[in-house]
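Everything on this sheet refers to the single structure shown next.
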Amino acid sequence: MGRTEEGIASLTQGLAALASRGQRIFRPQQLSWLAEAHLIVAEADDGLRALTKAFALVNDTGERYWEPELYRIKGELLLLSGGSEGEAEECFNQALEVARGQGAKSLELKAAMSLARLWQKQRKHTEARELLAGIYSWFTEGFDTPDLVDAKVLLEELG
């Protein structure tokens with residue numbers, strides 16, 4: 001809605017309130033929302049701090065359903081912070097691997113789009129297209145959803 005700073009403040013306040021009550025279920029996902037909000041406003045360090053907490057909770061609780069997205073966002077934040085493309089690529093590949101292991105096609109698609117964008121930047125258009133097309137072709141409905149719309153646009157850009 002364009003009010004990212006307010007959103008970050010609300011998320012931070014809400015997460016603190018939930019933590020004070022001992023809430024831990026869904027917390028990795030909630031922390032990923034905070035990390036992604038920091039990504040939007042180019043606050044890589046704050047986003048990476050939120051992900052550090054999320055990964056610690058994943059390891060502590062075993063709640064792994066959102067783990068692919070944590071790795072994907074970490075890769076994006078590393079790119080934003082000037083980290084190496086190799087480190088980001090490792091994160092995107094980890095996101096893909098975990099998503100595939102879970103059968104989480106939507107999260108696999110998001111990870112593939114991040115990796116395909118990186119490869120596009122590196123002029124690896126064929127590899128990017130093959131990766132993304134393979135996952136995109138799995139879907140049989142929902143082509144008006146934002147992720148599938150974005151994937152189609154990226155596939156067209158990759159030729």
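Along the sequence shown, residues carry numbers from 1.
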| request: List the atom of Ala37, the atom of Leu11, and the distance in Å for their closest heavy-atom pair. | output: CB-CD1, 4.4 Å
| Among pairs that include at least one residue of residues 139-159, which meet ring pair (Phe, Tyr, Trp, His ring centres under 6.0 Å), considering only residues two or more places apart or in two chains? | Tyr136-Phe143
| With side chains defined as the heavy atoms from C-beta onward, is the minimum distance between Leu107 and Trp66 less than 4.5 Å? | yes
| Gln120 side chain to Leu158 backbone, donor-acceptor under 3.5 Å | no
| field | Nearest heavy atoms of Asp60 and Arg24, plus distance in Å | value | OD2-NH2, 2.6 Å
| field | Separation of Ser137 OG from Ile135 CD1 (nearest 0.5 Å) | value | 9.0 Å
| remark: Nearest heavy-atom approach of Leu78 to Ala88 is CD1-N, 4.4 Å
| message | Minimum heavy-atom separation for Ser114 and Phe92, please, with both atom names. | response | CB-CE2, 3.5 Å
| task | Return the minimal non-hydrogen interatomic distance between Ala116 and Ala128, and the atom names on each side. | result | O-CB, 3.6 Å
| Hey, quick one: are Leu148 and Leu131 part of the same hydrophobic cluster, counting side-chain heavy atoms closer than 4.5 Å, chains of contacts allowed? | yes
| note | Value for CZ (Arg117) from CD (Glu76), rounded to nearest 0.5 Å, stands at 7.0 Å
| request: Specify the closest pair of heavy atoms between Tyr65 and Gln102, including all atoms of both residues, with the distance to one decimal. | output: O-OE1, 3.4 Å
| query | Between atom CG of Leu15 and atom OG of Ser10, what is the distance when rounded to the nearest 0.5 Å? | reply | 10.5 Å
| request: Look at the side-chain heavy atoms of Ile, Leu, Val, Met, Phe, Trp and Tyr, link any pair under 4.5 Å apart, and say whether Leu31 and Val41 land in one connected group. | output: yes
| Are Trp138 and Leu154 co-members of a hydrophobic cluster defined by side-chain heavy atoms under 4.5 Å apart? | yes
| Is the shortest heavy-atom distance from the side chain of Arg49 to the side chain of His38 under 4.5 Å? | no
| message | Quick one, Lys74 with Glu90, criterion salt bridge (Lys or Arg N to Asp or Glu O under 4.0 Å). Give me CA distance, side-chain angles, the key distance, then yes/no. | response | CA-CA 10 Å; Lys74 182 178 179 182; Glu90 286 178 32; over 6 Å; no
| Heavy atoms, side chains only, cut-off 4.5 Å: are Glu108 and Lys105 in contact? | yes
| Would you say Glu43 and Glu5 make side-chain contact, with heavy atoms under 4.5 Å? | yes
| query | If you count the non-hydrogen atoms of other residues, nucleotides and ligands that lie under 6.0 Å from NZ in Lys121, is the total more than 12? | reply | no
| query | Can you tell if the side chain of Gln30 reaches within under 4.5 Å of the side chain of Arg27, non-hydrogen atoms only? | reply | yes
| query | What salt bridge (Lys or Arg N to Asp or Glu O under 4.0 Å) pairs are there with at least one residue in residues 138-152, not counting sequence neighbours? | reply | Lys110-Asp147
| query | Under 4.0 Å between a Lys/Arg side-chain N and an Asp/Glu carboxylate O for Glu127 and Lys124? | reply | no
| Side-chain (Ser32) to main-chain (Gln29) donor-acceptor, under 3.5 angstrom | yes
| request: Please answer: with hydrophobic residues joined when any side-chain heavy atoms are less than 4.5 Å apart, are Val58 and Ile73 in the same cluster? | output: yes
| said: With salt bridge (Lys or Arg N to Asp or Glu O under 4.0 Å) as the criterion, how do Glu69 and Arg72 come out once you've worked through the C-alpha distance, each side chain's angles and the decisive distance to 0.1 Å? | reply: CA-CA 5 Å; Glu69 190 66 350; Arg72 185 194 69 79; 2.8 Å; yes
| request: Have a look at Leu51 and tell me which of Asp46, Leu70, Leu34 forms a side chain to side chain contact (heavy atoms under 4.5 Å, CB included) with it. | output: Leu70
| Does a side-chain heavy-atom distance below 4.5 Å link Glu89 with Glu85? | no
| Shared ILVMFWY cluster between Leu77 and Leu79, side chains joined below 4.5 angstrom? | no
| Side-chain heavy-atom pair Leu109, Leu132 within 4.5 angstrom cut-off | yes
| Got Arg129 and Trp119 here, is their nearest side-chain heavy-atom distance under 4.5 Å? | no
